[in-house]
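Note that this is a predicted model, so its numbers are computed, not measured.
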Amino acid sequence: DQQVKQNSPSLSVQEGRISILNCDYTNSMFDYFLWYKKYPAEGPTFLISISSIKDKNEDGRFTVFLNKSAKHLSLHIVPSQPGDSAVYFCAASVGNNDMRFGAGTRLTVKP
Amino acid sequence: NAGVTQTPKFRILKIGQSMTLQCTQDMNHNYMYWYRQDPGMGLKLIYYSVGAGITDKGEVPNGYNVSRSTTEDFPLRLELAAPSQTSVYFCASWTGGRVSYNEQFFGPGTRLTVL
């Protein structure tokens, strides 16, 4: 029962262009959504989050959009840089003790 | 601050053996978590703790045990290791509260192989 889905296992973009990573969820009770970034041989690191009462949150080059009616969120990275190459995990939680993760999308930013 | 540290980094176990994965955090976080990540899959919650002396099951607790005798330490015990427990294990911690909601800090992981 995968409640958080990232349907694209990989994405490749050119440096300077926009990267759009997508995430779908099935549980309408989720009230907080997060994106984590993971480099090889390291643990995930928090990137950006959004509460279910908002539809957009921006932090520098990173913007997360939430569409509750479609149960869909996306992460936009503009402009993309080679150092952004990593695996990005979408996560969602009901309260603070039950965070569910997607399978991840591997982003490659080409110079 | 060292953040969240995990030992060992790698381990190979034989079927039926037992071991303890260690996790320590120096940020005085109340919440601590254990996840496993199988190839091509997201992280799945095994156990979590909201403070010393309090633990609870996550999504995939079978075959594991935890304890939380101090704020800093949250060891994960595998009894009777099975090949299905081959995975990368991540420990995480979070301060709690609504300011940085669920923004967990992760350790570097322990890669476990059961043969």
Enquirer: For Gly40(B) and Ala103(A), which heavy atoms make the closest approach, and how far apart are they?
Expert: O-CB, 3.5 Å
Enquirer: Within a radius of less than 6.0 Å around OH of Tyr64(B), do more than 12 heavy atoms belonging to other residues, nucleotides or ligands occur?
Expert: yes
Enquirer: Can you tell which part of Ala91(A) gets under 4.5 Å to a heavy atom of chain B, answering side chain, backbone, both or neither?
Expert: neither
Enquirer: Glu103(B) and Leu34(A): side chain to side chain contact (heavy atoms under 4.5 Å, CB included), yes or no, with the steps?
Expert: CA-CA 8 Å; Glu103(B) 294 168 17; Leu34(A) 305 94; 4.3 Å; yes
Enquirer: Looking at Met29(A), I want to see if its CE is surrounded by more than 12 non-hydrogen atoms of other residues, nucleotides or ligands under 6.0 Å.
Expert: no
Enquirer: Within a 6.0 Å radius of atom CZ on Arg77(B), are there more than 12 heavy atoms belonging to other residues, nucleotides or ligands?
Expert: yes
Enquirer: Check whether Phe33(A) and Ile20(A) end up in the same hydrophobic cluster, where Ile, Leu, Val, Met, Phe, Trp and Tyr are linked by side-chain heavy atoms less than 4.5 Å apart.
Expert: no
Enquirer: Would you compute the distance between atom CZ of Phe106(B) and atom CZ of Phe46(A) and round it to the nearest 0.5 angstrom?
Expert: 11.5 Å
Enquirer: Tyr35(B) versus chain A, heavy atoms under 4.5 Å apart: side chain, backbone, both or neither?
Expert: side chain
Enquirer: Any chance you could lay out the side chain to side chain contact (heavy atoms under 4.5 Å, CB included) test for Phe89(A) and Gln37(B), step after step, and finish with the verdict?
Expert: CA-CA 12 Å; Phe89(A) 291 99; Gln37(B) 185 190 11; 3.2 Å; yes
Enquirer: To the nearest 0.5 Å, tell me how far Lys38(A) NZ sits from Phe90(B) CZ.
Expert: 4.5 Å
Enquirer: Tell me whether the count of non-hydrogen atoms from other residues, nucleotides or ligands lying under 6.0 Å of NZ in Lys68(A) goes above 12.
Expert: yes
Enquirer: Do you know which two heavy atoms are closest between Gln104(B) and Tyr36(A), and how far apart they sit?
Expert: N-OH, 2.8 Å
Enquirer: For chain A, find which of Val4(B), Val88(B), Leu43(B) contributes the most heavy-atom pairs closer than 4.5 angstrom.
Expert: Leu43(B)
Enquirer: Do other residues, nucleotides or ligands put more than 12 heavy atoms under 6.0 Å from Arg17(A) CZ?
Expert: no
Enquirer: Counting only heavy atoms not in Ile15(B), do more than 12 fall under 6.0 Å of its CD1?
Expert: yes
